[in-house]
Amino acid sequence: MHKNTDNKILGSKLDAVSKSLKKSIKNLDSYTHVRGESLYVDDVNIRQGTFHAVVFDSPKAHGKIKSIDYSKAEALQGVERIFTYKDVPGENEIGGIIPDEPLFAEHEVHFWGMPIALIVAESEFIARKARDLISIDIEELPVITTAKEAKAKGSFINAPRSFSLGDTEKAFADCDYIFEGETFSNGQEHLYIEAQGAYAEPLENGNIKITSSTQGPTAVQKTVAQVLGVAMHKIEVDVTRLGGGFGGKEDQATPWAVMAALATFHLNQSVKLILNRHDDLRMTGKRHPYESTYKIGLTKDLKILAYQSEFLQNSGAAADLSPAIAERTLFHATNSYYVPNVTTKVLSCKTNLPPNTAFRGFGGPQGMFVIESAIAKAAHEIGVSPRAIQEANLLDENDTFSYGQIAKKVEAKNTWHSAKQLFNIEAMEQEVSEFNKNNTAFKKGLSFMPITFGISFTNTPMNHARALVHIYLDGSIGVSTAAVEMGQGVNTKMMQIVADVFSVSIEHIKIETTNTTRVANTSPSAASSTADLNGKATLMACTALLERLKSVASQDLNVSENSITLNKEFVYVNGKKSELSWTSLISSAMLKRVALTENAHYATPEIHFDKTKEKGHPFAYHVYGTAITTATIDCTRGTYEFDAVKIVHDYGKSMSEGIDLGQVEGALIQGIGWMTMEEIAYNKDGRLLSNALSTYKVPDIFSVPKTVEVIPVETEGNDMAILKSKAVGEPPLMYGIGAYFALQNAIKAFNPNYDLKFHAPMTPEKVLMGLYKK
Ligand code: MTE
Ligand code: HPA
Ligand code: MOS
């Protein structure tokens, strides 16, 4: 039910907050993390005789391979063998959505950093030395680095996609104001702390086990099988945890695992391949840069009547996940606003950059930046605050999204008005305007950033997961799911679900590694849906076991099944504690030969999407929120600080306030980094210039806002979310977009003639130019 919130809000909300904070549970992994005992791929105990591998990659962005001389490298002492496309027994193809990406280049190279060969040696040091001894002759071909150039040359990944609602053309004729413009948002390096890597070991009968730092174990298994030309059951993929993925390991963890497996296949020996930071930065794709155009039409009372945008996605040299990411850009092109007439179009442009890939938000942030830019432009031209336009168009209950889904349980207005009230917007604005009146060398800016983010893989068939739960005869429990722990705390959430159903302490529960032999045919851990999908499957498996155990208890205690509950490791009858403990109950079940293992499958109900009509109901639900950002710029130097980001966020009913708050904070900072400082740069030849941490700036402790305050909006939650706890992984990244506009508003306070530019990131250089240029 939508609560109309204008003014009569939330008196009790702060109480509810402090109550729910008590639910805080520590991330399971914190103990081993701080002791340095958590295991990553590089920590796997390797077998004696393991080889180490290094990738030889293209030193040009586009060209024909005339010749390669491996002889000196092969002759180096300690080099075992060099593998190329000629050694692929199956298909030299790793494309996930479109088969357009070879594992190793054959006769042409399409990006700087494209893998050509794998050097396998006794040590990584020797393999690297050997790499320097390889000479290659490439006949260069024209290089495309931007989406615009690609569009001009007709270089695309696939056919364009377009969503529409109402009659945009006609609606523009009825608008009082129409504004057009262009925007650019740059890419973003994932910079997971653990670089890409895998370890492959031969088992008997040609079977291979791979330990991989991947978000998608099944994608690795499937692709290894395809490249090796063997059946999937011969390949086992195991994942302990990732030192961060952020989307960068949804698809792009695969090639390294495949290469290690290929070498193992031929050598019948273990092979370890871990990219060093430079190799990782050069060879892997990033968030997609977008060049976009918009046209926005408003009525006199600031209602957005029509909106049109065209997104040019810089996809890189192969499809990777670009088509799915492009699609999500369209899904989020109107952000938190109801626009009755919309036409959006996206073109996935093929360039000579490494294939760009999933990154937290998955194309959504790029789409939202454009409509926020359009609103900022309109506000500037009309002479009103952007906030007035944002507020006049917030999504309401039963509004229709451009893709046909009807908005339900909408919290857009609720979070917006709650933020205004809880954070005392009048006082905040007063402070900013007083400051700006009294200071010339420094200026402050304030912005609002509402978010609406759809939860589910946009590709409906991917929305499923399984769980395998064993209760061992001593009462301890082992849980396997498809969820990959990458720092987001999903294992802790899985454990909470199990503890909740059986009412046992978490010491009884172990979350196993993610393994394709125990849980098969998985979707990657992505789309913020990991806890929902795997949590629901876990809940189903545990509930089925609980029913069986209740039956055992009813026999043992000679009472009816429905009088039984489990509470703190004891059986209760009609709410009264019995003598029967959890462990005795399990022993009794064993004696009665009751199955203590359960496997469950969950597939999100109700969702569907028809790509031929571009209409449907693709999302289980949406996550809402509003951020208010204040920034101070130094008008002499162009540098800036963020004073505060104050957020009202829709967690549903959070299972773990601590973990979820960590997700909001982390995503926010990552979003601010994307919008304000992280500057990917390629030269005209397609060489990555920002190829080290000395040339690529990510937020550090000094660049985070001085204050970050997050208040959960108490809602009734959503049953499609696990235990009504809404997905939290990606949505808060988009609060970071507010940082761009807070800076822009601060520039406007200094230079009212500033010609608004929408070219992210807003680096200090750009701030400085905005301050002093017309
Ligand atoms: N948090 C940490 N610490 N590390 C990560 O790699 N990935 C993000 C987000 N939060 C990530 C993270 C991304 S891109 C997604 S899709 C979700 O976590 C995936 O996990 P979830 O589905 O459990 O939210
Ligand atoms: N989000 C994240 N990853 C994905 C999606 C999505 O919607 N679809 C396919 N991979
Ligand atoms: Mo997240 S970009 O869906 O891995």
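Below, all heavy atoms of this structure are taken into account, side chains as well, without hydrogens, waters or symmetry copies. All ligand and atom numbering here is 1-based and tracks the order in the structure. Just so you know, these numbers come straight off a predicted model, no measurement behind them.
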Check if A526 has a non-hydrogen atom at a distance under 4.0 Å from any atom of ligand 1.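 A526: in contact with ligand 1 (<4.0 Å).
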Atom pairs, nitrogen or oxygen, ligand 2 to protein, under 3.5 angstrom:
| residue | atom | partner | partner atom | Å |
| --- | --- | --- | --- | --- |
| ligand 2 | 3 (N) | E250 | OE1 | 3.1 |
| ligand 2 | 3 (N) | E250 | OE2 | 3.1 |
| ligand 2 | 7 (O) | R328 | NE | 3.3 |
| ligand 2 | 7 (O) | R328 | NH2 | 3.1 |
| ligand 2 | 7 (O) | T458 | N | 3.1 |
| ligand 2 | 10 (N) | E250 | OE2 | 2.7 |

For ligand 3, give me the residues whose heavy-atom distance to it is below 4.0 Å, by chain and number please.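 Residue list for ligand 3: Q215, G247, E250, A358, F359, R360, A526, A527, E730.
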Any donor-acceptor pair under 3.5 Å linking the side-chain atoms of H33 with those of S38?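 H33 and S38 do have a side-chain donor-acceptor pair below 3.5 Å.
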Purely on distance, is any nitrogen or oxygen of E730 under 3.5 Å from one on ligand 1?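 By distance alone, the answer is no.
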Can you confirm, on distance only, whether ligand 1 has an N/O atom lying under 3.5 Å from any N/O atom belonging to F359?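 Looking only at distances, the answer is no, because the N/O contact criterion of under 3.5 Å is not met.
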For atom 21 (P) of ligand 1, what is the nearest protein heavy atom, given as residue, atom name and distance?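 For atom 21 (P) of ligand 1, the nearest protein heavy atom is T530 OG1, 3.4 Å.
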Side chain, backbone, both or neither: which part of S529 has a heavy atom under 4.0 Å from ligand 1? backbone
Give the contacting part of Q215 toward ligand 1: side chain, backbone, both or neither, where contact means a heavy-atom distance below 4.0 Å. neither
Please name all residues satisfying salt bridge (charged side-chain N to carboxylate O under 4.0 Å, His left out) with K350, sequence neighbours left out, ordered by chain then number.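 For K350, no residue satisfies salt bridge (charged side-chain N to carboxylate O under 4.0 Å, His left out) once neighbours in sequence are set aside.
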In terms of relative ring orientation, are F331 and Y403 parallel, tilted or perpendicular, with 30° and 60° separating the classes?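 Ring orientation, 0 to 90° scale: perpendicular.
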Which of these, G729, A527, G535, A727, has its nearest heavy atom closest to atom 16 (S) of ligand 1?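 Among G729, A527, G535, A727, the closest heavy atom to atom 16 (S) of ligand 1 belongs to A527.
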Inspect the contact between E512 and R518 and indicate whether a charged nitrogen and a carboxylate oxygen are less than 4.0 angstrom apart. no
Polar side-chain atom of E93 near backbone of D100 as donor-acceptor pair, under 3.5 Å: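 Answer holds: yes.
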Keeping the roles fixed (side chain from Q366, backbone from Y290), state whether a donor-acceptor pair exists under 3.5 Å. no
Can you tell which of R277, R241, K249 makes a salt bridge (charged side-chain N to carboxylate O under 4.0 Å, His left out) with E194?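 That would be K249.
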Got a list of side-chain donor-acceptor pairs under 3.5 Å for residues 663-671, not counting sequence neighbours?
| residue | atom | partner | partner atom | Å |
| --- | --- | --- | --- | --- |
| Q663 | OE1 | R360 | NH2 | 3.1 |
| Q670 | OE1 | R360 | NH1 | 2.8 |

